[in-house]
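In the text below, chain A, chain B and the rest are named by the order of the sequence lines, each starting its count at 1.
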Number of protein chains: 2
Amino acid sequence: MITKELTIGELSERSGVAASALRFYEREGLIHSRRTTGNQRRYHRTTLRRVAFIRASQSVGMPLSVIGEVLGFLPADVPPSREFWVRASECWSREINARIEKMERMRDRFTECIGCGCLSFEQCALVNPGDELAGQGPGARRL
Amino acid sequence: MITKELTIGELSERSGVAASALRFYEREGLIHSRRTTGNQRRYHRTTLRRVAFIRASQSVGMPLSVIGEVLGFLPADVPPSREFWVRASECWSREINARIEKMERMRDRFTECIGCGCLSFEQCALVNPGDELAGQGPGARRL
DNA sequence: CCCGGACCTAAACTGCGGTTCATGTCCGAG
DNA sequence: CTCGGACATGAACCGCAGTTTAGGTCCGGG
């Protein structure tokens, strides 16, 4: 086997992702590692691909939890197939499109609200979202 | 003066915003209050409008810090003019449009990346954003 | 054998937008 | 005057996506 394993430092340097982040991803179950007798991490080469996928997905706004779910279908130490990429891409595209549409709806509502001079409670859809518009920004969500 | 002041409970009920949030907004300087001799808050009626503006702006994704900057142009205890709404609306629209465009670019890049079969480091623009794409998702930002 | 750099862990901290809690005060109705 | 509900404060906590810190271990070169 010439498929040399990577230390965390090597994976960090090659991927451009901080070692602390890699350990964090492992805690969250997004990547996996073997341990040496001295308890050090050794990564399979395919982990590089996994990390690439994680970063690419994050850059389009996916939360780690969702990325983790999708990566759950991809067994550890198996190079991701082309089909996997394609399916994931479709999934992400749908998500992004949904978010874009939502933002467009909100923008239109805002200008409409300003235009009509309302922006007071009880009348204004923006102020009283009620429906799926709620819980947009970051902040504490209750379980 | 029949312009009765509001207690925090009244403002909370009328605006639908929790009293804890109203205190928080006040700490952050987004709204203001007078104090009674017993140290209780009394809000000017126009505060209702301010809170409406805050919630509407939040619903389109604006962070409180930016909302606070804009509200800073609006003196306390003065009803916001129509011109103020219009200018704020334009400002927010520009912001939202910028965010939508950014998301569209990212979506396109992602599908392109998947299509070309790359998604590895050094070649992939998604994985190595470098430019304005960086720092998208939530999470700790360093100063 | 010793040294330094790479690695390990757990715990605490970041910023955002608040909520919840503990403890104490105010105020109006009866 | 007393009681309860509304109000006050500061501190701790939530989720997210990590980073930083403190203190300890591993490993290879000289």
Side-chain angles (χ1 to χ4, degrees), chain A residues 5-31 33-43 51 53-69 71 129 134-143, chain B residues 4-43 47 50-51 53-69 71 129 134-143:
Chain A
E5 289 177 316
L6 300 164
T7 67
I8 194 168
E10 287 162 352
L11 182 57
S12 171
E13 198 172 359
R14 277 173 175 283
S15 67
V17 174
S20 63
L22 295 174
R23 292 197 195 97
F24 176 74
Y25 293 158
E26 194 169 329
R27 273 209 302 287
E28 300 292 302
L30 281 87
I31 59 176
S33 68
R34 187 179 74 79
R35 294 303 181 104
T36 65
T37 49
N39 196 35
Q40 297 201 350
R41 288 173 179 81
R42 286 306 118 95
Y43 292 102
V51 176
F53 178 70
I54 294 169
R55 297 307 262 201
S57 303
Q58 278 193 301
S59 80
V60 297
M62 281 300 140
L64 282 193
S65 54
V66 178
I67 301 172
E69 276 177 44
L71 277 177
Q136 266 318 102
R141 289 147 184 67
R142 46 227 155 292
L143 303 175
Chain B
K4 198 179 150 281
E5 289 176 316
L6 300 165
T7 67
I8 194 168
E10 287 162 353
L11 183 57
S12 170
E13 198 173 359
R14 277 173 175 282
S15 67
V17 174
S20 63
L22 294 174
R23 291 197 195 96
F24 177 75
Y25 294 158
E26 193 169 329
R27 272 209 302 288
E28 300 292 302
L30 281 86
I31 60 177
H32 315 277
S33 68
R34 187 180 74 78
R35 294 303 182 104
T36 65
T37 49
N39 197 35
Q40 298 202 349
R41 289 173 179 82
R42 286 306 117 96
Y43 293 101
T47 311
R50 273 186 174 249
V51 176
F53 178 69
I54 294 168
R55 297 307 262 200
S57 302
Q58 278 193 301
S59 80
V60 296
M62 282 298 140
L64 282 192
S65 55
V66 178
I67 300 173
E69 277 176 43
L71 278 177
Q136 265 320 101
R141 289 148 183 69
R142 48 224 153 296
L143 304 174

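The shortest distance between the side-chain N/O atoms of R27(A) and the OP1/OP2 oxygens of dC16(D) is not below 4.0 Å. Contact check, R35(B) against dT9(D): a side-chain N or O comes under 4.0 Å of OP1 or OP2. Side-chain N/O atoms of T7(A) include none lying less than 4.0 angstrom from OP1 or OP2 on dA6(C).
By the side-chain contact (heavy atoms from CB on, under 4.5 Å) test, R42(A) is found to be paired with E5(A), T7(A), R34(A), T36(A), Q40(A), residues two or more places apart in sequence or in another chain being considered. For E69(A), the side-chain contact (heavy atoms from CB on, under 4.5 Å) criterion is met by no residue, not counting sequence neighbours.
Side-chain atoms of R55(A) lie closest to dG18(D) of the nucleotides dT9(D), dG18(D), dG18(C). Distance from the side chain of N39(A) is smallest for dC8(C) among the nucleotides dT19(C), dA8(D), dC8(C). Of the candidates dG17(C), dA8(D), dC8(C), the closest approach to any side-chain atom of R41(B) belongs to dA8(D). Listed candidates were dG18(C), dT9(D), dC8(C). Nearest to the side chain of Q58(B) is dG18(C). Of all nucleotides listed (dC27(D), dG17(C), dG18(D)), dC27(D) comes nearest to the side chain of T36(A). Here dC27(C) is the nucleotide among dT9(D), dC27(C), dC7(C) with the atom lying nearest to any side-chain atom of Q40(B). Out of dC7(D), dA17(D), dT20(D), the shortest distance to the side chain of P63(A) is found at dA17(D). In this structure, the nucleotide among dC8(C), dC7(D), dT20(C) sitting nearest to the side chain of R23(B) is dC7(D).
Atom pair L22(B):CG and dC7(D):P shows a separation of 11 Å (rounding to whole Å applied). For the pair I67(A) CD1 and dG18(D) P, the interatomic distance rounds to 8 Å; values are reported in whole Å. In this structure, the CD1 atom of I31(B) is 13 Å from the C1' atom of dG18(C), given to the nearest Å. In this structure, E28(B) places its CD atom 8 Å from P of dG17(C), rounding to the nearest Å. The distance between atom CZ of R42(B) and atom P of dC27(C), rounded to the nearest whole Å, is 8 Å. Rounded to whole Å, the distance from CD on E5(B) to P on dC27(C) is 14 Å. What separates CD1 of I54(B) from P of dG17(C) is a distance of 11 Å, to the nearest Å. Distance, L64(B) CG to dT19(C) P: 11 Å, rounded to whole Å.
Side-chain contact check for R50(B) versus L30(B): every heavy-atom pair is 4.5 Å or farther apart. Within the 4.5 Å cutoff, side-chain heavy atoms of S33(A) are placed close to those of E26(A). At least one side-chain heavy atom of I54(B) sits less than 4.5 Å from a side-chain heavy atom of I31(B).
Around CD of E28(B), the count of heavy atoms belonging to other residues, nucleotides or ligands within 6.0 Å exceeds 12.
In the helix from dC1(C)-dG30(D) to dG30(C)-dC1(D), the terminal helix axes, each the rotation mapping four pairs' C1' atoms onto the next four within five end pairs, subtend 30°, rounded to 10°.
In terms of position on DNA chain D, the residue among G9(B) and S20(A) whose nearest nucleotide sits closer to the 5' end is G9(B).
Nearest heavy-atom pair, V51(B) versus L22(B), reported as atom, atom and distance to 0.1 Å: CG2-CD2, 4.0 Å.
At the heavy-atom level, A18(A) lies under 4.0 Å from the strands shown only through sugar-phosphate atoms.
Atoms CG and OH, on L71(B) and Y25(B) in that order, are 11.0 Å from each other to the nearest 0.5 Å.
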